[in-house]
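We use all heavy atoms of the structure for the numbers below, so side chains are in, but hydrogens, waters and symmetry mates are not. The residues of the chain are indexed from 1 along the displayed sequence.
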Amino acid sequence: MGTEGKVIRCKAAVAWEARKTLTIEEVEVAPPKAHEVRIKIVATGVCHTDLAVLRETKDMEGSIHAFPVVLGHEGSAVVESVGPGVSKFSKGDIVIPLFAAQCGECECCLSPKTNMCKKNWTETLKGVLSDGTSRITCRGKQIYQLFALGTFSEYTVVYDVALTKIREDAPLDKVCLLGCGISTGYGAAINAAKVEPGSTCAVFGLGAVGLAAVMGCKAAGASRIFAVDVNKDKFQKAKLFGATDFVNPKDHDKPVSQVLAEMTNGGVDFALECVGNVEVMRGALDSCRTAWGTCVVLGYVQEQDMSVAPLSLLLGRTLKGTFFGGWKSVESVPRLVDDYMNKKLMVDEFVTHNLPLEKINEAFDLMTSGQSIRTVIKMAP
């Protein structure tokens with residue numbers, strides 16, 4: 001019998017408290033309401049932001065994260081059913097859920113200056129849908145959905161404006177990563193920094209986002225790309241994505257900004273911070289040459305403030321951030337999938353581990369120990 005209009009019982013990894021390991025639970029996923037879509041998750045990446053949310057307990061606007069919560073925001077899925085008012089999706093569609101929505105109607109969506117979408121923004125940060133509740137419950141309690149997604153569940157319900165349809169022949173255990181990390185890093189170089197041909201770049205942090213930033217710098221035609229990380233084991237991988245020079249701060253007795261200045265005769269043209277550490281952010285800014293250097297911050301951190309000397313900016317440097325790499329999500333992600341399928345974008349190379357949902361905590365361990373770039377969680381068929 002069909003599941004449309006009925007509660008679905010399935011498995012999910014639930015974070016009951018901050019800074020605690022996740023537990024595999026049977027949860028109930030309610031049918032979608034107006035302008036919502038219920039999806040069956042096929043695969044989901046484990047992103048550093050999931051870990052940051054679990055550890056820091058504060059969201060992007062400084063409020064306390066709600067627990068218990070189903071984390072996960074980097075997934076691929078199949079549409080199971082749609083709610084009233086949904087016109088762009090139907091059962092069986094192959095989709096990628098989006099933590100960065102695109103309603104196409106708000107002032108931000110209508111502006112070419114940003115990819116931010118204002119629709120449901122407050123609810124999204126709270127981990128609920130438009131009526132102020134989530135669609136997932138467990139043991140009689142509401143379970144919040146990270147960024148109103150919650151892809152660490154076999155089924156979940158999302159906003160119809162936070163979903164995009166992709167081609168049916170795309171491998172879902174790979175393109176799920178285009179829902180966050182790869183798109184963010186690649187877009188930061190292409191869209192936010194606007195890296196120029198022949199320029200010099202430095203990428204700080206060689207996780208998935210950083211490696212994607214390296215890839216973006218190469219695609220933009222940078223002549224030298226400095227890969228900066230304290231884990232020298234990541235340098236070979238960075239070389240694969242286009243890095244030309246490698247700097248381990250541990251190998252020097254001076255600030256890395258000074259090291260880069262000496263290696264480039266004054267500093268790099270573009271620096272991309274992909275760690276989520278305020279000291280690294282400041283180092284990245286200081287690594288930029290005066291007069292025109294641009295530093296783009298990608299790393300997620302909430303519980304610390306970054307200190308910047310006004311003179312660093314007065315002398316011509318630019319400091320900026322980027323959200324989802326500047327991509328307008330609904331229209332851009334399918335094109336990124338096409339680029340991958342046409343071998344214009346590397347994705348497979350980011351996947352270092354594949355695990356079942358039951359080993360979700362092992363995926364976090366692999367991340368924190370530096371052994372993985374991206375672990376993909378494959379849901380039960």
Side-chain angles (χ1 to χ4, degrees), residues 112-115 183-207 209-230 234-235 238-239 241-301 304-327:
K113 297 178 180 180
T114 181
N115 66 329
S183 300
T184 297
Y186 185 69
I190 301 293
N191 302 323
K194 299 186 186 301
V195 170
E196 300 166 348
S199 62
T200 56
C201 302
V203 176
F204 292 74
L206 301 176
V209 174
L211 292 173
V214 169
M215 181 170 62
C217 292
K218 179 182 179 181
S223 62
R224 294 182 75 184
I225 304 169
F226 293 84
V228 183
D229 202 291
V230 296
K234 293 185 177 181
F235 290 159
K239 184 177 181 179
F241 286 101
T244 59
D245 299 80
F246 309 91
V247 178
N248 185 340
K250 290 182 177 180
D251 294 339
H252 302 274
D253 57 3
K254 62 184 72 172
V256 69
S257 58
Q258 187 176 338
V259 173
L260 287 168
E262 293 172 356
M263 295 176 73
T264 58
N265 192 29
V268 297
D269 300 310
F270 301 96
L272 298 100
E273 189 280 336
C274 308
V275 178
N277 178 291
V278 294
E279 295 301 323
V280 177
M281 293 174 185
R282 178 58 195 270
L285 176 63
D286 291 344
S287 298
C288 293
R289 66 180 305 122
T290 56
W292 64 71
T294 296
C295 176
V296 180
V297 172
L298 290 78
Y300 175 90
V301 63
Q304 295 175 295
D305 293 327
M306 178 183 174
S307 176
V308 177
L311 192 60
S312 293
L313 305 179
L314 289 172
L315 294 179
R317 294 186 181 100
T318 297
L319 175 65
K320 62 192 300 187
T322 184
F323 181 68
F324 194 52
W327 302 108

Trainee: Mind listing the closest non-hydrogen atom pair of Leu298 and Gly185 along with its distance?
Mentor: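 The answer is CD2-CA, 3.8 Å.
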Trainee: Supply the atom-to-atom distance Thr200 OG1 to Asp269 CG, rounded to the nearest 0.5 angstrom.
Mentor: 3.5 Å
Trainee: Could you check whether the rings of Trp327 and Tyr186 sit parallel, tilted or perpendicular, using 30° and 60° as the cut-offs?
Mentor: parallel
Trainee: Please find the pair of heavy atoms, one from Ser257 and one from Gly283, that lie closest to each other, and give the distance.
Mentor: CB-O, 3.7 Å
Trainee: Would you compute the distance between atom CZ of Phe204 and atom OG of Ser287 and round it to the nearest 0.5 angstrom?
Mentor: 3.5 Å
Trainee: Ser199 side chain to Ala222 main-chain N or O, any donor-acceptor pair under 3.5 Å?
Mentor: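 Side chain of Ser199 to backbone of Ala222: no pair is present.
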Trainee: When rounded to the nearest 0.5 angstrom, what is the spacing between OG1 in Thr264 and CZ in Arg289?
Mentor: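 Here the rounded value is 7.0 Å.
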Trainee: Is there a side chain to side chain contact (heavy atoms under 4.5 Å, CB included) between Asn248 and Asp229 once you walk through the steps?
Mentor: CA-CA 5 Å; Asn248 185 340; Asp229 202 291; over 6 Å; no
Trainee: Could you tell me whether a side-chain N or O of Glu273 sits under 3.5 Å from a main-chain N or O of Val275, the two making a donor and an acceptor?
Mentor: yes
Trainee: So Leu206 and Phe241, side chain to side chain contact (heavy atoms under 4.5 Å, CB included) or not? Walk me through it.
Mentor: CA-CA 11 Å; Leu206 301 176; Phe241 286 101; over 6 Å; no
Trainee: Got a donor-acceptor contact below 3.5 angstrom from the Lys320 side chain to the Thr294 backbone?
Mentor: no
Trainee: How about Val203 and Cys217: do any of their side-chain heavy atoms sit closer than 4.5 Å?
Mentor: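 Touching, per the 4.5 Å side-chain cut-off.
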Trainee: Quick check for you: to the nearest 0.5 Å, what is the distance between Leu319 atom CG and Arg282 atom CZ?
Mentor: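 With rounding to 0.5 Å, CG (Leu319) is 10.0 Å from CZ (Arg282).
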Trainee: Hey, is CD on Glu279 packed in by over 12 heavy atoms from elsewhere, all under 6.0 Å?
Mentor: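 At most 12 heavy atoms, drawn from other residues, nucleotides or ligands, come within 6.0 Å of this atom.
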Trainee: Under the side chain to side chain contact (heavy atoms under 4.5 Å, CB included) test against Cys201, which residue among Thr244, Val195, Val268 passes?
Mentor: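 When Thr244, Val195, Val268 are each tested with Cys201, the side chain to side chain contact (heavy atoms under 4.5 Å, CB included) holds only for Val195.
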Trainee: Taking it one step at a time, do Phe270 and Val296 satisfy side chain to side chain contact (heavy atoms under 4.5 Å, CB included)?
Mentor: CA-CA 8 Å; Phe270 301 96; Val296 180; over 6 Å; no
Trainee: Could you walk me through whether His252 and Val256 pass the side chain to side chain contact (heavy atoms under 4.5 Å, CB included) check?
Mentor: CA-CA 8 Å; His252 302 274; Val256 69; over 6 Å; no
Trainee: Do you know which two heavy atoms are closest between Gly198 and Ser223, and how far apart they sit?
Mentor: O-OG, 3.0 Å
Trainee: With rounding to the nearest 0.5 angstrom, report the CZ to OG1 distance, Arg317 to Thr290.
Mentor: 6.0 Å
Trainee: How many angstroms lie between atom CZ of Phe226 and atom CG of Leu272, to the nearest 0.5 angstrom?
Mentor: 13.5 Å
Trainee: What pair of heavy atoms forms the shortest contact from Ala213 to Ala189, and how long is it?
Mentor: O-CB, 3.8 Å
